[in-house]
Asker: 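Before I ask anything, let me first share the structure, which is written out below as structure tokens.
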Amino acid sequence: MDYLNAWNKISTESIDLLLRSEAIRKVVLKKGNDMLYEHIVLVNEDQRPQAIQEARFKLLQNLMHTLKDAIADGRLCAKVRKALLGNLIGRVVMDEKERTAAFRRLHGFLPPAFLTIGPTKRCNLMCTGCYAASSSDNAETLSYEVFNRIIREKRELWGSHFTVITGGEPLLYRDGKHTLFDVLENNRDNFFMMYTNGTLITKDMAERMADCGNLIPAISVEGYEKETDGRRGAGTFKRIMTAMENLRQAGVPFGVSITATKNNADIVLSEEYVDFYFRDQGAMFGWIFQYMPIGRSISTELMITPEQRLALFQRQQQIIRETNIFLVDFWNGGLYSVGCLSAGRPGGYFYIDWNGNVAPCVFMPYYKENVNDLYNQDKTLNDVLFSPYFRAIRNWQDSYSYGQPPDKVNNLITPCFLRDHFNQAFVTIQNFQAKGLDENAAEAIEDPEYCRKMAAYGQTVRDLTNEIWQEEYLDQPKKRAAALTQKGNVH
């Protein structure tokens with residue numbers, strides 16, 4: 001869009017002057033909210049259930065308010081402000097139609113919105129149940145050349161300007177003389193979110209992030225000091241608190257990434273906990289990832305119970321409705337993503353690990369393709385996207401929710417192909433002979449007891465939530481619409 005080109009030509013100093021004006025900030029926020037509401041709720045081009053669109057709008061409205069408040073109280077340095085508004089809000093949120101038009105004309109549907117890349121398996125911690133089974137002994141690393149090509153290619157093929165970096169610990173990425181910061185600087189038109197344990201964010205590191213401007217870290221926490229140190233190692237919590245202070249001083253926004261387990265599920269969405277990280281520490285966003293038994297020392301015993309999951313869902317809904325906080329549970333957030341995001345679904349993503357193996361999702365660690373092999377054969381990321389394995393998963397997504405009319409959409413409180421619908425995922429993995437990303441994943445899918453427990457878990461959660469889905473997200477909007485029509489006829 002023309003405004004993006006104009007925006008990028010404005011000096012950082014000029015943008016600073018504009019954003020210091022409270023009146024201008026209010027106008028920008030109102031305009032942004034109006035555009036989002038029109039696009040998501042009123043136009044609703046893909047005809048999603050009305051209650052889902054209203055929930056999605058409220059979540060994005062929370063993000064806009066959070067950004068406005070962070071600018072107002074000086075939490076963001078100048079380069080971060082420009083990258084956030086130009087890349088994240090401008091290109092990623094507001095400019096979807098223009099970005100994706102070429103792909104849609106060619107293929108008849110929207111491309112993935114982003115990729116998640118794990119460039120290195122190396123990590124300085126040894127967290128219990130780590131999905132990547134990372135440690136300092138791991139040397140697997142994606143080459144700098146391939147790393148950059150992936151980002152360039154998704155931009156050129158899909159119009160994608162958002163990239164998620166995970167690990168291992170991304171700040172330990174190194175290929176020859178190149179580090180993660182070389183990738184950030186070489187892809188200024190991308191905005192990056194990085195999942196990190198936070199322990200390496202010194203003052204100097206925070207200043208480098210501020211200078212780049214296009215990276216926002218999501219720091220992993222388990223709860224307070226007891227819970228975090230219990231899973232991540234003694235002293236980790238204090239180092240995280242220091243990292244957050246360093247980021248605040250440098251003007252770099254950050255979020256929190258919370259792993260919910262059976263042991264901390266009652267803590268992670270309590271009012272005190274949310275206040276601590278969002279009010280006291282200044283986190284701008286939060287993601288909750290319920291413990292998924294796929295990594296080191298696989299055990300279903302750490303999974304939150306179905307009853308805890310329902311409680312987390314209800315509390316998440318309350319927080320989003322009643323506050324301006326952006327806090328989403330990855331598995332309980334199917335309302336906002338309109339279902340499972342994996343396998344390169346329109347608006348979704350897929351995952352590339354440090355070996356170049358390509359899986360549908362970080363939490364579905366079973367792959368068929370390897371990006372290094374594809375590039376050696378002069379193929380592209382589209383060859384992954386259109387592979388039979390990924391097509392089969394997208395066909396299930398369409399039949400379950402994404403491709404259905406509003407009154408036929410199935411329960412989006414249970415959107416996950418692997419966690420909530422394990423039997424279907426198991427059959428797909430077996431039919432395509434997909435391989436595990438590591439030994440843990442390979443062993444899990446061959447373990448009858450693991451498979452039985454996963455299938456039973458998903459069934460129990462569906463039984464707990466199907467009625468809620470039907471009554472609150474399918475029936476209630478119909479009743480409201482009928483009442484309004486009747487009222488209109490009376491008057």
Asker: For the residue pair Met454 and Pro293, establish whether any side-chain heavy-atom pair is separated by less than 4.5 Å.
Answerer: yes
Asker: Decide yes or no for Tyr349 and Cys361: does some side-chain heavy atom of the first lie under 4.5 Å from some side-chain heavy atom of the second?
Answerer: yes
Asker: If I compare all heavy atoms of Gly356 with all of Asn372, which pair ends up nearest, and what's the gap?
Answerer: CA-ND2, 3.8 Å
Asker: With a 3.5 Å distance limit and no angle check, can you tell me whether Asp182 reaches the backbone of Thr179 through a side-chain donor-acceptor pair?
Answerer: yes
Asker: Can you list the steps and then say if Glu245 with Gln249 is a side-chain hydrogen bond (donor to acceptor under 3.5 Å, both in side chains)?
Answerer: CA-CA 6 Å; Glu245 174 61 21; Gln249 291 296 321; 2.7 Å; yes
Asker: Does Gln281 reach the main-chain N or O of Ala283 with its side chain, forming a donor-acceptor pair under 3.5 Å?
Answerer: no
Asker: Verify side-chain contact (heavy atoms from CB on, under 4.5 Å) between Ile393 and Ser342, making sure each step is shown before the conclusion.
Answerer: CA-CA 8 Å; Ile393 296 171; Ser342 73; 3.8 Å; yes
Asker: Mind checking salt bridge (Lys or Arg N to Asp or Glu O under 4.0 Å) for Asp73 and listing every partner two or more places apart, or none if nothing turns up?
Answerer: Arg75
Asker: Sequence neighbours excluded, which residues qualify as salt bridge (Lys or Arg N to Asp or Glu O under 4.0 Å) partners of Lys238?
Answerer: Glu225
Asker: Provide the closest heavy-atom pair for Asn197 versus Ile219 in the form atom of the first, atom of the second, distance.
Answerer: O-CG2, 4.0 Å
Asker: Please report the C-alpha distance between Tyr224 and Phe276 in whole Å, then the side-chain angles of each, then the deciding distance to 0.1 Å, and finally whether the ring pair (Phe, Tyr, Trp, His ring centres under 6.0 Å) criterion is met.
Answerer: CA-CA 9 Å; Tyr224 299 106; Phe276 177 75; 5.7 Å; yes
Asker: Taking the six-membered ring of Tyr402 as reference, does the cationic atom of Arg48 (NZ for Lys, CZ for Arg) lie under 6.0 Å from its centre and within 45° of its axis?
Answerer: yes
Asker: Taking all atoms of both residues into account, what is the closest heavy-atom pair of Lys368 and Tyr389, and its distance?
Answerer: CG-CD2, 3.6 Å
Asker: Do the side chain of Asp353 and the main chain of Val358 share a donor and acceptor less than 3.5 angstrom apart?
Answerer: no
Asker: Are Phe285 and Phe254 an aromatic pair by the rule of ring centers under 6.0 Å?
Answerer: no
Asker: Nearest 0.5 Å, please: how far is CD in Glu156 from CG in Leu381?
Answerer: 10.5 Å
Asker: Quick one: does any side-chain atom of His421 pair with a main-chain N or O of Thr414 as donor and acceptor, under 3.5 Å?
Answerer: yes
Asker: Gly333 and Val328: which non-hydrogen atoms are nearest, and at how many Å?
Answerer: CA-CG1, 4.0 Å
Asker: May I ask you to check whether Trp158 and Phe350 place their ring centres under 6.0 Å from each other?
Answerer: yes
Asker: Determine whether Gln53 and Arg56 satisfy the following criterion, side-chain hydrogen bond (donor to acceptor under 3.5 Å, both in side chains), listing intermediate values before the conclusion.
Answerer: CA-CA 5 Å; Gln53 295 303 91; Arg56 296 176 74 198; 3.0 Å; yes
Asker: Would you say Asp438's side chain and Ala441's backbone share a donor-acceptor pair under 3.5 angstrom?
Answerer: yes
Asker: Centre-to-centre under 6.0 Å for Phe191 and Phe162, is that the case here?
Answerer: no
Asker: Please report the interatomic distance CG(Asn355) to OG1(Thr141), rounded to the nearest 0.5 Å.
Answerer: 9.0 Å
Asker: Are the side chain of Asp280 and the backbone N or O of Tyr277 linked by a donor-acceptor pair below 3.5 Å?
Answerer: no
Asker: Less than 4.5 Å apart, any side-chain heavy atom of Met209 and any of Ile201?
Answerer: yes
Asker: Could you go step by step and tell me if Arg152 and Asn187 meet the side-chain hydrogen bond (donor to acceptor under 3.5 Å, both in side chains) rule?
Answerer: CA-CA 8 Å; Arg152 182 184 72 249; Asn187 295 278; over 6 Å; no
Asker: If we count only N and O atoms by modelled type, under 3.5 Å, do the side chains of Glu153 and Tyr375 hold a donor and an acceptor together?
Answerer: yes
Asker: Would you confirm whether the ring centroid of Trp287 sits within less than 6.0 angstrom of the ring centroid of Phe326?
Answerer: yes
Asker: Tell me the closest heavy-atom pair linking Phe114 and Ser160, and the distance in Å.
Answerer: CA-OG, 3.6 Å
Asker: Quick one: does any side-chain atom of Asp189 pair with a main-chain N or O of Arg155 as donor and acceptor, under 3.5 Å?
Answerer: no
Asker: Less than 4.5 Å apart, side chain to side chain, heavy atoms only: is that true for Ile320 and Asn62?
Answerer: yes
Asker: Whether the side chain of Asn190 engages the backbone of Leu184 through a donor-acceptor N/O pair (distance < 3.5 Å, no angle test) should be reported.
Answerer: no
Asker: Report the C-alpha distance between Ile352 and Ile150 in whole Å, list the side-chain angles of each, state the deciding distance to 0.1 Å, and finish with yes or no for side-chain contact (heavy atoms from CB on, under 4.5 Å).
Answerer: CA-CA 9 Å; Ile352 302 174; Ile150 291 167; 3.8 Å; yes
Asker: Please check if the distance between the ring centroids of Phe289 and Phe363 is under 6.0 Å.
Answerer: yes
Asker: Rounded to the nearest 0.5 Å, what separation is found between the OG1 atom of Thr323 and the NZ atom of Lys58?
Answerer: 6.0 Å
Asker: Taking the side chain as C-beta and beyond, is there a heavy-atom pair between Phe313 and Gln317 under 4.5 Å?
Answerer: yes
Asker: Check the pair Asp204 / Arg208 against salt bridge (Lys or Arg N to Asp or Glu O under 4.0 Å), numbers first and verdict last.
Answerer: CA-CA 6 Å; Asp204 288 344; Arg208 290 197 70 185; over 6 Å; no
Asker: Answer yes or no: is there a donor N or O on one side and an acceptor on the other, between the side chain of Arg188 and the main chain of Gly213, under 3.5 Å?
Answerer: no
Asker: Could you check if a side-chain atom of Gln290 sits within less than 4.5 angstrom of a side-chain atom of Asp329, using non-hydrogen atoms only?
Answerer: yes
Asker: When the ring centroid of Phe422 is compared with that of Tyr457, is the distance short of 6.0 Å?
Answerer: no
Asker: Lys262 vs Thr305, test: side-chain contact (heavy atoms from CB on, under 4.5 Å). Steps then yes/no.
Answerer: CA-CA 6 Å; Lys262 183 173 66 176; Thr305 67; 4.2 Å; yes
Asker: Compare all side-chain heavy atoms of Ile165 with those of Thr163 and state whether any distance is below 4.5 angstrom.
Answerer: yes
Asker: Using the side-chain hydrogen bond (donor to acceptor under 3.5 Å, both in side chains) rule, take Glu369 and Ser387 through it: C-alpha gap first, then chi angles, then the decisive distance, then the call.
Answerer: CA-CA 9 Å; Glu369 310 287 351; Ser387 69; 4.7 Å; no
Asker: Tell me the ring-ring contact (aromatic ring centres under 6.0 Å, His included) pairs involving residues 228-251, sequence neighbours left out?
Answerer: none
Asker: Is it true that a side-chain atom of Arg315 and a backbone atom of Leu269 form a donor plus acceptor pair closer than 3.5 Å?
Answerer: yes
Asker: Report the distance from atom CG of Leu180 to atom CG of Leu215, rounding to the nearest 0.5 Å.
Answerer: 6.5 Å
Asker: Could you tell me whether Glu439 atom CD has more than 12 heavy atoms of other residues or ligands within 6.0 Å of it?
Answerer: no
Asker: To check you understand the geometry: which heavy-atom pair defines the closest contact between Leu172 and Thr120, and what is its length?
Answerer: C-CG2, 4.2 Å
Asker: Please examine the side chains of Pro217 and Val252, heavy atoms only from C-beta on, and report whether any two atoms are closer than 4.5 Å.
Answerer: yes
Asker: Which value, rounded to the nearest 0.5 Å, describes the distance between Arg279 atom CZ and Glu271 atom CD?
Answerer: 9.0 Å
Asker: Under the criterion side-chain contact (heavy atoms from CB on, under 4.5 Å), I'd like the reasoning laid out for Thr380 against Leu157: C-alpha separation, chi angles, the key distance, then a yes or no.
Answerer: CA-CA 9 Å; Thr380 71; Leu157 293 174; 4.0 Å; yes
Asker: How far does CZ of Arg239 sit from OG1 of Thr236, to the nearest 0.5 angstrom?
Answerer: 6.5 Å
